[in-house]
Structure formats: C-alpha cells, structure tokens
Amino acid sequence: MNKVVHVPNELNALLDFSLQAITQGQFSHALEACEAALRLDANNVDVHHYLTHVYKGLNRPDLADVMMARALQLAPAHAQINYNAAVDAQARGDDNRAMLLYAQALRSQPNFADALWNYGELLRMSEHFSMAIECFERLVALGQTHYQGLWHRMAVCYSSLNRHAETLAMYDKIMSGEHDMLSNWENALYLLSQNDYAKGSDLYNDRFLCGGRNSVYQHEFAYPLWYGVFKAGATLLLHGEQGLGDELMFASMFNELLDAAQKADAQVVIACKPALVRLFANSFPQAQVLAHKVGEAPADLTGLTIDAQMAMGNLMSLYRRDVDAFAPHRVAYLLPNAERVAYYAQQIEQKTSGQRRLRVGLMWGSNPAAVSAKFMKWTAQRSIALPLLAGFADLLDKVEFVSLQNYERGAEAALVPQLNILDFSLDQADFYDTAALVANLDLVISVDTSVSHLAGGMAVETWVPLMSRPDWRHGRERETSIWYDRTRYFRQTKMGEWADVIERIHQALRARVQS
C-alpha cells in the first residue's frame, strides 16, 4: 500500500495513522482518519486505496468495492492497486477480470513478483502455457523462487509445451528434494505419456496420496494392500476408480490377473461401476463382479471373506512395465452377449430395410459430469459438436451412421438430419447393451471417451479424434494406440481446432468405403 503522491503534513499524518491502524486491525480508528483525510483531499488515491482495506475489515465488501473502483479511476496504472483489485476479483471467482488487472500491474511494474506468480497461475490454468512459463522463468531470474509449487508449475508448463529436456530436468529437481505428492502424480502422467511405464506406473500407484487434489479417489477398504502374489485359497478384491474409460482400459489386464489367480487356486472379486457389471460378468466369468461407486455406493461385500485389496490402476505396475508388455495382450477382452448382439442386428436390419452398407458408429461427445471445473473443461475440449460432421453426408450411399450416445445426448442426432443417423440411445441401459450394438458395426468413430475404450477392448476398428494435449494413455505422437490393436488416432495440430482433424477422418472414411 505505497503512497502515490506527496501530501501536506496534516494529510500525511492522517494517512500514516490510517495505515498503522489498518496494520493493527483497528479498522474503526482507520475509518475516522480516512474520512478526515477525504475532507482535506477528496480525490486522494491513497485514501481510497486504504478505505478498501478498512471496509473489508469492517465486513462491508460493497463499500470496499466502491473504494477500489474509485482508486483505479484515480490511478489506473498503479501497480499495487491493480494487484489488490486482481486479488479481490480472483477471490470472488472472476478470474478473467483478475487476469486483466494482473496484466496491468505487470505493465506498470514488470518485476512485481506476486503479480507474476498469480498471473502465471491463472495463465497456466487457462492453458496459456507459453505465457505462464514466461512469468515463472522471470521469477527465477529475479531470484524469487520461494513460491510453493513453483517447480511443479514449471514442469507442467514445460510438459504441455513438449519441452521435454526442461520437463525432465524440472522433475529431477523436484524429486531430489522434499515434494508434494501432487508432483508425484504429474510426474507419473508425464513419464507414462513418454512410454516410461516402469517409473511412471510406480509413481502412479501413489495417486491416492494427493488428498483428492488430482480428482482421483478410491474407497478405503479395510483389507491389506495386495502386492502381486496370490496365496492359495485367498480372495482378492480388485476395485474400480476414476472414470468408466479407465475401468474399461484397466480391464485389459484382468485376464492375466485371473490366470494367475487360477494357478494359485485363488479367487478374484471385481468391484466396478454399475454400468459395467453385466459386461464384465460376461467377459470375465472366472470372477465375481459387484457394483461399486466410489464415494456413493461402495461394493456390498456382505458374506464374502476378503484377504487383500487393490485398485485397478495398480495392475499397470505388475503387467505393463514396458512397451513390449502390451503387444501380446492387444486382443479382444470385452465380450458382448450373443443374444443381445443378435437383438441389435435385427433392430438395425429393420431400421434400414435390410440394406447393408458400411456401419459406422458415431460418438461425438462425453456426458457432462460435474466432478470439477477442470474435468468439465476437459470434457468439453475433447468433444466435437455433431454439426461439424455434416460433411460426411456425401458418403451416405455407402455408409450407415449409428449413434453410440446414450439417452443424455442421444437426441442431438437430430441436429444433423442429413446424416440420417440411426438412434438407439433410449435402448442403452449400460455397456452390456452398448457392446452388443458395437459388435454389429464395422467401424467406430469416437472422441476420447469410454466408448472408444469399449470398442478398442472389443478389437473393433476404432478411430479417435484427439485434442492436441490428450490424456497420458495416448502418448504424445503415436498414430495408433498402445492399448488396443485396431485403434487409430487423428490428432489436433492446433489446440481447439477440429476442422483439420475432421477433414482427415473424412478422407480416411472415403478411402475405407472404397476399399
């Protein structure tokens, strides 16, 4: 709260008294002094600035906002006032306003350390990584490295910018000293995205130690943690976590686990999301499958004797410790029910009057799930507005499009009537049904969501349009999935832009029809 102008002695004394009273929390005395100062100089910037703090202390945020607005009018370029206004805006959730104010503070005072830190954080969370890293690197150049999590934030930015040497150096710096478990998590995701599954999967096993700050949770079952060796006659509880796509992907390792259990005369209980129970029971008949929702409805283990437990994601550190470990298991492991497959075959035939064309399933958007603001943003980024696919209509004489959306977004198929999409969204109770529908298709085009994992796990030809900064499991550059044998990627070349991706898919689909 530095002063802006020189004032007469009486006014100066009042300002000094006000500042001291504010510092000591004596806001009523500070208010009296500020009011006296205003009678001497009604347009004094310092008085209005001080009054913002006084009214906050007196629990009058409305008047504090009025004083802050007036202070900004009187001194629009003042670095400290812009910074304080930015902090206020950020506290009330107005991050956009805060960013504008931090930017002004830095225009006036480029080496304002606190403004660099706060602005860099907002830039990072807004995915303006190149600008964020400039703020953080300037802090380092200024010797202002005391901000908690600075190295972690820099590593995340370098990783997002594909500056791999700097990313590795930063994580080495972090891991060599005391560090937050959130850094372990980010380091794990980075290493996995770089195909370092040995180190990455070991660090990934610590994901539940972040206290939920990474939006990853498990149910704390009161059984010993299983470390990979079965005892004869023992029963292992393998429980689900994270999203539907994660559980579908981790299921690619279930057969190896179940084979090991059978050899040791042990049993496995699989606790998964309700929408997967029937599919998993059909695909893994050696296991007992129970419904399990973390935080809402944990698996009912009444009558069962459980000897050990483990979350599904830990299977990676046992069965996928290097890239070569994937190749032998890129096979169909998710098995649809034959009767349900026949049902959908009949449904499709009736809806198309028996005309057989290339059947292409479409999944254009994830279902909105309010897990966190970050997750909701991620969901929106990886989805594609269906009207962007309208150009595919020129292939209708050779292609039959089938919606794979469920009831929540299924009606969106009507937005593009020219694609003549077959809709089964009201008939999809769970993934047992979706798998049976997918089994009748020749090709699935799905954004990065659970349906792409379902189709991949069924070894159905699958094309996945990927955002420019996709999830770790897709790697950074590869054109095909390491997890699924027939899954192909179409990556964004520029963040947020789908036009080029859609055109490449359109051309590939035209070639697929001709073949």
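Predicted, not measured: the structure shown is a model, and the values here were computed from it.
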task: Mind running side-chain contact (heavy atoms from CB on, under 4.5 Å) on M125 and L122 for me, showing each step along the way?
output: CA-CA 5 Å; M125 291 188 289; L122 288 177; 3.8 Å; yes
T487 to G456 - nearest heavy-atom pair and separation: OG1-CA, 3.8 Å
statement: Closest heavy-atom pair, M458 versus A435, reported as atoms and distance to 0.1 Å, is CE-O, 3.1 Å
- request: Mind running side-chain contact (heavy atoms from CB on, under 4.5 Å) on L238 and Q309 for me, showing each step along the way?
  value: CA-CA 6 Å; L238 185 68; Q309 58 82 25; over 6 Å; no
statement: Nearest heavy-atom contact between F208 and A311 is CE1-CB, 3.7 Å
- prompt: Do I81 and M68 come close enough that some side-chain heavy atom pair is under 4.5 Å?
  reply: yes
- prompt: Does the side chain of D196 come within less than 4.5 Å of K199's, by heavy atoms?
  reply: yes
task: Indicate the atoms forming the closest heavy-atom contact of W364 with E412, along with that distance.
output: NE1-OE1, 2.8 Å
message: Looking at L279, is its backbone amide N or carbonyl O close enough to the side chain of N282 to form a donor-acceptor pair, meaning the two atoms are under 3.5 Å apart?
response: no
Heavy-atom side-chain contact between E256 and L315 under 4.5 Å: no
- request: Determine whether the side chains of N195 and R476 contain a donor N or O and an acceptor N or O closer than 3.5 Å.
  value: no
field: Sequence neighbours excluded - ring-ring contact (aromatic ring centres under 6.0 Å, His included) pairs with any residue from residues 234-288
entry: F221-H239, F254-F280, F254-F284, F280-F284
- request: Mind running side-chain contact (heavy atoms from CB on, under 4.5 Å) on R321 and D202 for me, showing each step along the way?
  value: CA-CA 9 Å; R321 295 194 63 81; D202 286 342; 2.9 Å; yes
- request: Could you label the plane-to-plane angle of the Y83 and Y102 rings as parallel, tilted or perpendicular, counting under 30° as parallel and over 60° as perpendicular?
  value: tilted
message: Given 3.5 Å as the limit, does a donor-acceptor pair link the side chain of S183 with the main chain of H179, or not?
response: no
- line: A79 and Q109 have their tightest heavy-atom pair at CB-OE1, 3.4 Å
Any side-chain heavy-atom pair of Y197 and I482 under 4.5 Å: yes
query: In terms of side-chain heavy atoms, does S317 have a donor or acceptor partner in N205 at a distance below 3.5 Å?
result: yes
query: Are there more than 12 heavy atoms of other residues, nucleotides or ligands under 6.0 Å from atom NZ of K293?
result: no
message: Between Q90 and D94 (side chain of the first, backbone of the second, donor and acceptor by atom type, cut-off under 3.5 Å), is there such a pair?
response: no
field: CA sep, side-chain torsions, deciding dist, call: Y190, W472, ring pair (Phe, Tyr, Trp, His ring centres under 6.0 Å)
entry: CA-CA 7 Å; Y190 177 72; W472 60 269; over 10 Å; no
- prompt: How long is the gap from NE2 on H219 to CG on L237, to the nearest 0.5 Å?
  reply: 9.0 Å
message: Is a donor from one side chain sitting under 3.5 angstrom from an acceptor on the other, for Q80 and N84?
response: yes
NZ/NE/NH1/NH2 to OD/OE distance under 4.0 Å, D442 and R512: no
query: How far does CG of N314 sit from OH of Y227, to the nearest 0.5 angstrom?
result: 9.5 Å
- request: Without swapping roles, check the side chain of S126 against the backbone of R124 for a donor-acceptor pair under 3.5 Å.
  value: no
message: Quick test of your reading: applying salt bridge (Lys or Arg N to Asp or Glu O under 4.0 Å), list the pairs with at least one residue in residues 141-162, sequence neighbours left out, ordered by first then second residue.
response: E121-R153
Give the table of side-chain donor-acceptor pairs shorter than 3.5 Å for residues 499-508, with sequence neighbours excluded, one pair per line with atom names and distance.
unit_1 : atom_1 : unit_2 : atom_2 : d
D500   : OD2    : R504   : NE     : 3.1
D500   : OD2    : R504   : NH2    : 3.0
E503   : OE2    : Q507   : NE2    : 3.0
R504   : NH2    : R491   : O      : 2.5
H506   : NE2    : G391   : O      : 3.4
H506   : NE2    : D394   : OD1    : 2.9
H506   : NE2    : D394   : OD2    : 3.3
H506   : NE2    : R510   : NH2    : 3.2

field: Charged N-O contact under 4.0 Å between R488 and E461
entry: no
query: Any sub-3.5 Å donor-acceptor pair from W185's side-chain atoms to A188's backbone N or O?
result: no
- prompt: Between T434 and L454, is any pair of side-chain heavy atoms under 4.5 Å apart?
  reply: yes
query: Is any NZ, NE, NH1 or NH2 atom of the basic residue among D433 and R278 found under 4.0 Å from an Asp or Glu carboxylate oxygen of the other?
result: yes
message: Tell me whether T167 contacts the main-chain N or O of R163 through its side chain, where contact means a donor paired with an acceptor under 3.5 Å.
response: yes
Any donor-acceptor pair under 3.5 Å from R382 side chain to M467 backbone: no
query: So do P224 and D307 actually touch side chain to side chain, heavy atoms under 4.5 Å?
result: no
- request: Working to the nearest 0.5 Å, report the span between CG of L116 and CG of N111.
  value: 7.0 Å
- prompt: Got a donor-acceptor contact below 3.5 angstrom from the S283 side chain to the L335 backbone?
  reply: yes
message: Any heavy-atom pair between the side chains of L466 and V447 that's under 4.5 Å?
response: no
query: Of the options H292, Q218, R207, which is the one that meets E241 in a side chain to side chain donor-acceptor pair (under 3.5 Å)?
result: R207
field: Approximate separation, where rounding is to 0.5 Å, of Y223 OH and T235 OG1
entry: 10.5 Å
task: Starting at CD of Q286, measure out to CG of D259 and round the result to the nearest 0.5 Å.
output: 7.0 Å
- prompt: Can you find a side-chain donor-acceptor pair between Q405 and S425 that sits under 3.5 Å?
  reply: no
field: Donor-acceptor contact below 3.5 Å, side chain S481 vs main chain W483
entry: yes
field: Nearest heavy-atom neighbours spanning Q288 and L290
entry: NE2-CD2, 3.8 Å
message: Quick check for you: to the nearest 0.5 Å, what is the distance between R138 atom CZ and L106 atom CG?
response: 6.0 Å
task: Please confirm whether R330 makes a cation-pi placement over Y484, using NZ or CZ under 6.0 Å from the six-membered ring centre and within 45° of the ring normal.
output: no
- prompt: Do the side chain of N82 and the main chain of H78 share a donor and acceptor less than 3.5 angstrom apart?
  reply: yes
message: When you compare the side chains of S108 and Q104, does any donor N or O come within less than 3.5 Å of an acceptor on the partner?
response: yes
task: For H152, enumerate each residue passing the ring-ring contact (aromatic ring centres under 6.0 Å, His included) test, keeping only those at least two apart in sequence or located in another chain.
output: none
Contacts of type ring-ring contact (aromatic ring centres under 6.0 Å, His included), residue W117, not counting sequence neighbours: F136, Y147
field: Evaluation steps, side-chain contact (heavy atoms from CB on, under 4.5 Å), between L386 and R409
entry: CA-CA 11 Å; L386 181 59; R409 299 189 64 170; over 6 Å; no
field: Over 12 foreign heavy atoms within 6.0 Å of CE, M131
entry: no
Please set out all donor-acceptor pairs under 3.5 angstrom arising from side-chain atoms of residues 260-274, sequence neighbours excluded.
unit_1 : atom_1 : unit_2 : atom_2 : d
K273   : NZ     : Q242   : O      : 2.5
K273   : NZ     : E247   : OE2    : 3.1

